[in-house]
Amino acid sequence: MVRVQYLGHAAVYIQGEGIQALIDPFLSGNPQAGASSGDYQKLSHIFVTHGHGDHLGDALELATRTGATLVSNFELCTLLGNQGIATHAMHIGGTFRFPFGKVKMTPALHGSGVMTEDQVLYGGVAAGFLIEVEGKKIYHAGDTGLTLDMQLLREESIDLAFLPIGGNFVMDTHDAARSVDLIRPRKVVPMHYDTFPVIQADPQEFLREVGSMAEVRILAPGEAVEL
Ligand code: NI
Ligand code: MN
């Protein structure tokens with residue numbers, strides 16, 4: 001059984017055979033965080049969709065402390081690998097068979113710069129992840145606008161999708177519902193909303209618009225879906 005826990009914003013914890021992983025572990029400083037970084041003593045992988053602070057989050061600290069392998073795009077892996085952590089670089093469209101299952105890095109329409117005190121470092125391009133665990137397919141879109149490329153995911157027969165709905169930087173509820181029409185996952189969890197004033201959204205609007213296209217699971221931070 002695969003347990004997929006929503007931790008608020010875009011942070012997700014996946015526990016299954018051969019994998020204990022965090023995706024976009026923005027926990028410290030996240031007003032919605034359903035867990036704290038210190039809760040994780042053992043992790044196998046940390047997936048980072050792009051370099052923005054609300055996704056990179058505690059990734060470096062967690063990877064350093066737990067020895068987990070950070071999986072991200074080549075440029076971010078180079079930047080972070082220089083800090084002494086284990087990395088596995090991938091890039092858009094690439095698939096790799098990890099011991100727990102296959103992972104594909106999917107396109108996202110977004111930026112990926114890494115903010116320092118006074119500059120923005122080049123962090124490659126933003127991505128999403130299609131992660132297969134115990135034969136179940138989990139899609140985390142990362143931050144993205146609506147793109148027709150999402151139609152290609154339909155034939156993947158995705159079991160569970162995490163889609164951003166907060167608008168401004170990413171899809172709003174309407175565009176996210178249109179993306180469900182393209183992707184057609186079995187279950188979908190709305191994410192990346194209400195964390196900050198600029199990304200306020202009503203997940204019920206998303207639920208209404210998705211209708212019978214997929215089973216919408218509106219999760220409070222800390223709640224989980226089992227596959
Ligand atoms: Ni972002
Ligand atoms: Mn974001």
Side-chain angles (χ1 to χ4, degrees), residues 4-14 21-37 46-63 70-80 89-92 105-117 119-131 138-147 149-150 161-177 179-180 183 188-203 206 218-221:
V4 188
Q5 186 185 24
Y6 180 53
L7 298 175
H9 199 57
V12 172
Y13 177 62
I14 301 177
L22 283 167
I23 307 173
D24 288 355
F26 170 47
L27 302 173
S28 305
N30 175 357
Q32 282 197 342
S36 66
S37 160
I46 299 168
F47 297 90
V48 177
T49 61
H50 64 290
H52 295 164
D54 58 321
H55 298 260
L56 195 51
D58 301 302
L60 186 57
E61 183 272 320
L62 282 159
L70 186 136
V71 183
S72 193
N73 73 44
F74 179 80
E75 288 79 4
L76 275 180
C77 281
T78 304
L79 275 176
L80 296 165
M90 297 182 69
H91 237 302
I92 304 292
M105 187 172 260
T106 58
L109 276 184
H110 198 69
S112 184
V114 180
M115 314 306 149
T116 66
E117 258 171 49
Q119 54 182 332
V120 182
L121 304 177
Y122 180 66
V125 295
F129 287 105
L130 182 60
I131 301 171
I138 302 152
Y139 171 58
H140 186 292
D143 278 1
T144 186
L146 178 65
T147 158
D149 286 347
M150 289 168 168
F162 284 84
L163 300 176
I165 67 160
N168 193 69
F169 303 110
V170 295
M171 299 186 286
D172 59 14
T173 54
H174 176 61
D175 278 356
S179 78
V180 171
I183 302 166
V188 58
V189 176
M191 65 171 181
H192 208 277
Y193 65 97
D194 285 358
T195 322
F196 315 111
V198 77
I199 56 169
Q200 273 175 1
D202 180 2
F206 173 70
I218 299 171
L219 300 182

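As the structure lists them, so they are numbered: ligands from 1, and atoms in each ligand from 1.
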Within less than 2.8 Å of the Ni ion (ligand 1), how many protein N/O/S atoms are there?
-> 4
Report for the Mn ion (ligand 2), protein N, O or S closer than 2.8 Å, by chain and number, lists Asp54 OD2, His55 NE2, Asp143 OD2, His192 NE2
Residue pair Asp143 / His52, side-chain donor-acceptor N/O under 3.5 Å = no
So His9 and His192, would you call those rings parallel, tilted or perpendicular, with 30° and 60° as cut-offs?
-> tilted
Closest non-hydrogen atom pair between Gln200 and Asp194, with its separation = CA-OD1, 3.2 Å
Residues in salt bridge (charged side-chain N to carboxylate O under 4.0 Å, His left out) contact with Asp54, at least two apart in sequence or another chain = none
Where do Gly51 and Leu76 come nearest, in terms of heavy atoms and distance?
-> N-CD1, 3.5 Å
In short, side chain to side chain donor-acceptor pair (under 3.5 Å) pairs touching residues 161-173 with sequence neighbours left out are Thr173-Glu205
Does Gln32 use its side chain to pair, donor to acceptor, with the backbone of Tyr193 at less than 3.5 Å?
-> yes
Do Ile23 and Ile131 touch side chain to side chain, with heavy atoms closer than 4.5 Å?
-> yes
Would you say Ser179's side chain and Leu146's backbone share a donor-acceptor pair under 3.5 angstrom?
-> no
